[in-house]
Number of protein chains: 4
Amino acid sequence: MKEDQTRRRRPRSDGRKNRERLLETARTAFGSGEIDIPLDEIARRTGVGIGTLYRHFANRDALIEAVYRDELNRLAAAATRLAETHAPVEALRAWLNLFVDYIATKQVIAPALNSLIGGTDAIYADSRTVLTAAVGGLVTRAIESGDIRPDIEPVDLLCALGGVSNYATGPGWEPRAKRLVDVLIAGSRPEG
Amino acid sequence: MKEDQTRRRRPRSDGRKNRERLLETARTAFGSGEIDIPLDEIARRTGVGIGTLYRHFANRDALIEAVYRDELNRLAAAATRLAETHAPVEALRAWLNLFVDYIATKQVIAPALNSLIGGTDAIYADSRTVLTAAVGGLVTRAIESGDIRPDIEPVDLLCALGGVSNYATGPGWEPRAKRLVDVLIAGSRPEG
Amino acid sequence: MKEDQTRRRRPRSDGRKNRERLLETARTAFGSGEIDIPLDEIARRTGVGIGTLYRHFANRDALIEAVYRDELNRLAAAATRLAETHAPVEALRAWLNLFVDYIATKQVIAPALNSLIGGTDAIYADSRTVLTAAVGGLVTRAIESGDIRPDIEPVDLLCALGGVSNYATGPGWEPRAKRLVDVLIAGSRPEG
Amino acid sequence: MKEDQTRRRRPRSDGRKNRERLLETARTAFGSGEIDIPLDEIARRTGVGIGTLYRHFANRDALIEAVYRDELNRLAAAATRLAETHAPVEALRAWLNLFVDYIATKQVIAPALNSLIGGTDAIYADSRTVLTAAVGGLVTRAIESGDIRPDIEPVDLLCALGGVSNYATGPGWEPRAKRLVDVLIAGSRPEG
DNA sequence: CATGAATGAGGGTTCATTCAT
DNA sequence: GATGAATGAACCCTCATTCAT
């Protein structure tokens, strides 16, 4: 696993591009709720053979995992950035809104969330850590600054937002999810 | 003679009982996250032949729909009852907690919620109406009594709770979902 | 699970016949050297759907195993019969000739033999026992009657014959295999 | 793996050497029973690209054939040598033991034997000639010297030994195969 | 009404072979 | 010459659905 990095020859530029494009197709498909999309179809939409898909991703799970990991890394990076540039509550609010944006078109986060609490799937262990760390840090800062109650469970905020974006896929759902961000933050105030 | 018996008797109790037991098996399975359980397996667990399952439910979707409708009806009934016996906010809070209880063991609600806003699946049209009416009524009463802001979208409360119960399947998730009920109501107050 | 035994109904005569016919097709195919015949093709030749094949045999290995077991049982039965009706050496000779007849058209025995000594596949444990017992008994009798040397390894006789029938599939190979039976017995005599 | 590094520097590997090494890898693999080893894997183990394998061997069959031909040539050479240095029966016995040694680790001979009699595969025509000539010559000498019966079919001796080495892959099989050489020669004596 | 054998489309995966670099 | 990415046919297996008994 780790040594793969070391050992693996530099992929041809073609190969890299294909990997990227397959990920993109998968991300889009999963995001549109086509969770059961056949791998054949992903390959077809990407314009490559099914064998090429398998060259890049050992099996269905590997592809799904890659999509997750990708998304989560972007979110984690954003958390760090926001913490450095905003006041505690606003950083949290901004990141939650970003979180909404991400899961907006890509419900891919779901399975990662799924394992946030009792997940047994070892594959998501990393993902869990990454995401938990991201919200956790922002919430801690907001607790320390006295803007939200200390008994708030960071992960639950994500779950709640995940719920909205998950169940509400129609047009106009996004503003509503963002309004929920405000409700959640308001409800989490010390006096709240 | 014979005709008398035919005419007079209501559908065999056997048939009814089987239908009920199949529903129960399916509900339990779906609730345990076994969303992809084969129909064969549902029949087997129920102790009937697969043909019997098909006698009662035309196809997989019909079975799933029946499970949904069943659950939703119970929730709707509870909403009515609570509205008659509790103060507005408390009725809402109580019903949301009940909602949590339901989805606790049965995430089956998910797909129904899924179509709450933009769903195109005609099958859930009824379900949607039922559920929307249930929360809608309770929220309206709470708005009228001035306990929550008028711009709160009832359905979003459900989505948020659905998210927690959906993503958090481990032990101890339930108290957390109920704490979220309080956060949501607190965040929905006029001054919130 | 446990109740399976209890619950299992007598297979329909249809089902039985299909199972028998699938076995027959498989036996013939394997025997003709078509060891890699796709299961699809076996189903097609039998005139049933692929699903039917899978209803009777859980997977490729299960089918192969069934064919083996079938053959071996017949051979075992023959050994018992011959021991009761022939003099020791002649019983052995007759059975070896029979063995030739069997493997003549069905190299299916190969894998079973394969595990006779160092085989690790648990599936063939039974088969091994059956076959070893069959020759073993006959050879022991011949040793006791002083017709063959005590250091003869029964299984090797089978391997040798298996080799001929395995490698020599052309016309006229059968008389040669039977001549080998005589060579082997002659070479196994005390004075030999 | 590690050898990657070693290999990498080599500016232009000698075509001959690659061919040789690929043959060696294939021989070893086939000999270990990995009859279905993917060509990818053979290339990988050899430390060359799959394309290189295809440069040397037009397709899977060509590689297999090359392995066979190689082995058979060595056996043929040994037959000539032994005939010049041993008495007839002993030359035969020695060669048969050698034959055992060869097939000991390499069951590759099997398919070649397979076509010894009725094989229709044109590719093995040569191989057949080579092998038949080798045993044939030795047996003829032994018949002429009166040490074995004239009705012995040389090829059957090989088949028998092939059977043992083929089916008996466990430890200790080799002495047994050699004991069978003696049984076969004893059983082939004129008075046998 | 109940049963379960039969069906076959379709999904995941493997691997021989080709070909652009 | 060498490389390895790409291809896709073909295989194993699952499962929703039908229908004869």
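Residue numbers begin at 1 in each chain, while the letters A, B, ... track the order of the sequences.
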Length of the line joining [X]:[atom1] and [N]:[atom2], which is rounded to integer Å:
X       : N      : atom1 : atom2 : result
B:Leu53 : E:dC1  : CG    : C1'   : 14 Å
D:Leu22 : F:dG1  : CG    : P     : 13 Å
B:Asp61 : F:dC15 : CG    : C1'   : 14 Å
D:Arg19 : F:dG1  : CZ    : C1'   : 16 Å
A:Phe57 : E:dG11 : CZ    : P     : 20 Å
B:Asn59 : F:dC15 : CG    : C1'   : 14 Å
C:Ile50 : F:dC12 : CD1   : P     : 8 Å

Electrostatic pair C:Glu41:C:Arg44 at N-O distance under 4.0 angstrom: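 Judged by the 4.0 Å cut-off on N to carboxylate O distance, C:Glu41 and C:Arg44 do form a salt bridge.
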For D:Ile64 and D:Arg60, run side-chain contact (heavy atoms from CB on, under 4.5 Å): C-alpha distance rounded to whole Å, both residues' side-chain angles, the deciding distance at 0.1 Å, then the answer. CA-CA 6 Å; D:Ile64 293 178; D:Arg60 178 172 251 273; 4.0 Å; yes
If you round to the nearest 0.5 Å, how far is CG of A:Asn73 from CZ of A:Arg69?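 Result: 7.5 Å between the selected atoms.
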Quick one: pull up CG in A:Leu39 and CD1 in A:Ile42 and give me the separation to the nearest 0.5 Å.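 Interatomic distance, A:Leu39 CG to A:Ile42 CD1, rounded to 0.5 Å: 5.5 Å.
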Of all residues at least two apart in sequence or in a different chain, which pass the side chain to side chain contact (heavy atoms under 4.5 Å, CB included) check with B:Phe57?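 Partners of B:Phe57 under the side chain to side chain contact (heavy atoms under 4.5 Å, CB included) test: B:Arg19, B:Leu22, B:Leu23, B:Ala62, B:Leu63, B:Ala66.
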Which residues pass the side chain to side chain contact (heavy atoms under 4.5 Å, CB included) test with C:Glu34, sequence neighbours left out?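 Here the qualifying residues are C:Ala29, C:Ser32, C:Ile37, C:Arg45.
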Within less than 4.0 Å of OP1 or OP2 of [N], is there a side-chain N or O belonging to [X]?
X       : N     : value
B:Arg55 : E:dC1 : no
D:Asn18 : F:dG1 : no
C:His56 : E:dA6 : yes

Listed partners of D:Arg55 passing side-chain hydrogen bond (donor to acceptor under 3.5 Å, both in side chains), at least two apart: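 None.
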Sequence-distant partners of D:Thr25, side-chain hydrogen bond (donor to acceptor under 3.5 Å, both in side chains), two or more places apart: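 Only D:Thr46 meet the side-chain hydrogen bond (donor to acceptor under 3.5 Å, both in side chains) criterion with D:Thr25.
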Between D:Tyr54 and C:Gly47, which has a closest nucleotide on DNA chain E that is more 5'?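 That would be C:Gly47.
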I want to confirm an ordering. Mapping A:Asp36 and C:Gly49 to their closest nucleotides on DNA chain E, which one lands closer to the 5' end?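 Comparing both residues, the 5'-ward one is C:Gly49.
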Strand DNA chain E in bracket notation, Watson-Crick/G-U under 3.5 Å with | for pairs to another chain: .||||||||||||||||||||
For B:Ala58 and C:Gly51, find the nucleotide of DNA chain F closest to each by heavy atoms; which residue's nucleotide sits nearer the 5' end?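 First, find each residue's nearest nucleotide; the 5'-ward one identifies C:Gly51.
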Could you identify which residues of residues 37-44 of chain A place a heavy atom less than 4.0 Å from some atom of DNA chain E, listed by residue number, or say none?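 Within residues 37-44 of chain A, the residues near DNA chain E are A:Pro38, A:Leu39.
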Nearest of F:dA16, F:dT3, E:dT3 to any side-chain atom of B:Arg60?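 Among F:dA16, F:dT3, E:dT3, the one nearest the side chain of B:Arg60 is F:dA16.
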For A:Asp70, check salt bridge (Lys or Arg N to Asp or Glu O under 4.0 Å) against everything at least two apart and list the hits.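 Only A:Arg27, A:Arg74 meet the salt bridge (Lys or Arg N to Asp or Glu O under 4.0 Å) criterion with A:Asp70.
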